[in-house]
> 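Quick one: the structure is below, questions incoming.
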Amino acid sequence: LESAEKGAEHEVPVHGRPCRVLDLGTGPGGTLAATARGRSDVHFLGVDLSSSMLKFALRRRDVPENVSFARVDAAHLPLESASLDCVLGHSFLYLLPDRSAVLREVFRVLKPGAKAVFMEPARVGTGRMFDALLRYTLQSIRQTMAMTAWVVFRKAASYPERAELI
């Protein structure tokens, strides 16, 4: 949290008050860096439980000065109640064992009237997409194996190339 507090000096008033955005499960920080670019009027805090992901985020060269990172458990946010203007999450909630605990924390730290925005894969859609991808992959493997078998057969049987048939 020390790095989160350190970033507070970057806050610039928006309509007379500082604007603060929290990105849950920030991972390597790419989405947050892109979101923060050009928004010097907002302080962004990216949190993740994974130290290795945060190492990637801290090494990024494209992170604006109004972004800070901290290792934080989203189910136990060390932030004041009603202190944030927005909470973001990208492909994050579906990975959690206790989404309810995280959402309770999100609502606790949001200011009245503030927004939480989550972009998550749909279970049904993801399952269908995975099934289609698997079918396509299996079909491609079958086709590749059939073509390989044909090439091997053609060479073994001294079957003429297409150009020789014409």
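On a predicted model such as this, the values are computed, not experimentally measured, just so you know. When reading the values below, keep in mind they use all heavy atoms of this one structure, side chains included, and skip hydrogens, waters and symmetry mates.
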> Any side-chain heavy atom of V47 sitting closer than 4.5 Å to one from L24?
yes

> Roughly how far apart are D98 CG and R104 CZ, rounded to 0.5 Å?
6.0 Å

> Can you tell me how far apart NE2 (H90) and CE (M119) are? Round to the nearest 0.5 Å.
3.0 Å

> For P28, run the side chain to side chain contact (heavy atoms under 4.5 Å, CB included) check against K55, R59, M53 and tell me which one passes.
M53

> Taking all atoms of both residues into account, what is the closest heavy-atom pair of L45 and L32, and its distance?
C-CD2, 4.1 Å

> Applying side chain to side chain contact (heavy atoms under 4.5 Å, CB included) between V72 and each of L79, L77, L54, report the one that passes.
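Testing each of L79, L77, L54 against V72, the sole residue satisfying side chain to side chain contact (heavy atoms under 4.5 Å, CB included) is L77.
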
> Could you give the distance from OG (S100) to CD (E105), rounded to the nearest 0.5 Å?
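The CD atom of E105 is 12.5 Å from OG of S100, to the nearest 0.5 Å.
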
> Hey, are the side chains of D23 and F92 touching, using non-hydrogen atoms and a 4.5 Å cut-off?
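No - every pair of side-chain heavy atoms lies 4.5 Å or more apart.
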
> Are L58 and V63 co-members of a hydrophobic cluster defined by side-chain heavy atoms under 4.5 Å apart?
yes

> For C86 and L88, work out which heavy atoms get closest and say how close.
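Heavy atoms only, the tightest pair is SG-CD2, 3.6 Å.
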
> Could you pull out the closest heavy-atom pair between G29 and F69, with the gap in Å?
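So the two residues come closest at CA-CE2, 4.1 Å.
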
> From R108 CZ over to L84 CG, what is the distance, rounded to the nearest 0.5 angstrom?
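Output value for this atom pair is 9.0 Å.
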
> What's the spacing between R99 CZ and E120 CD if we round to 0.5 Å?
8.5 Å

> So for atom CZ, which belongs to F56, do other residues, nucleotides or ligands contribute more than 12 heavy atoms lying within a distance under 6.0 Å?
no

> Side-chain contact test, heavy atoms from C-beta onward, threshold under 4.5 Å: evaluate it for L49 versus R71 and give yes or no.
yes

> Using atom types as modelled and distance alone, determine if a side-chain donor or acceptor of D62 lies under 3.5 Å from a backbone N or O of A33.
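Pair absent, no side-chain N/O of D62 close to backbone of A33.
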
> V87 and L110: which non-hydrogen atoms are nearest, and at how many Å?
CG2-CD2, 3.6 Å

> Measuring only between side-chain heavy atoms, which start at C-beta, is F118 closer than 4.5 Å to L103?
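Answer yes - side chains close enough.
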
> For a quick test of reading the model, state the closest non-hydrogen atom pair linking N66 to H43 and the distance between them.
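Minimum heavy-atom contact is O-ND1, 3.2 Å.
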
> What heavy-atom pair brings D85 and A114 nearest, and what distance separates the two atoms?
O-CB, 3.2 Å

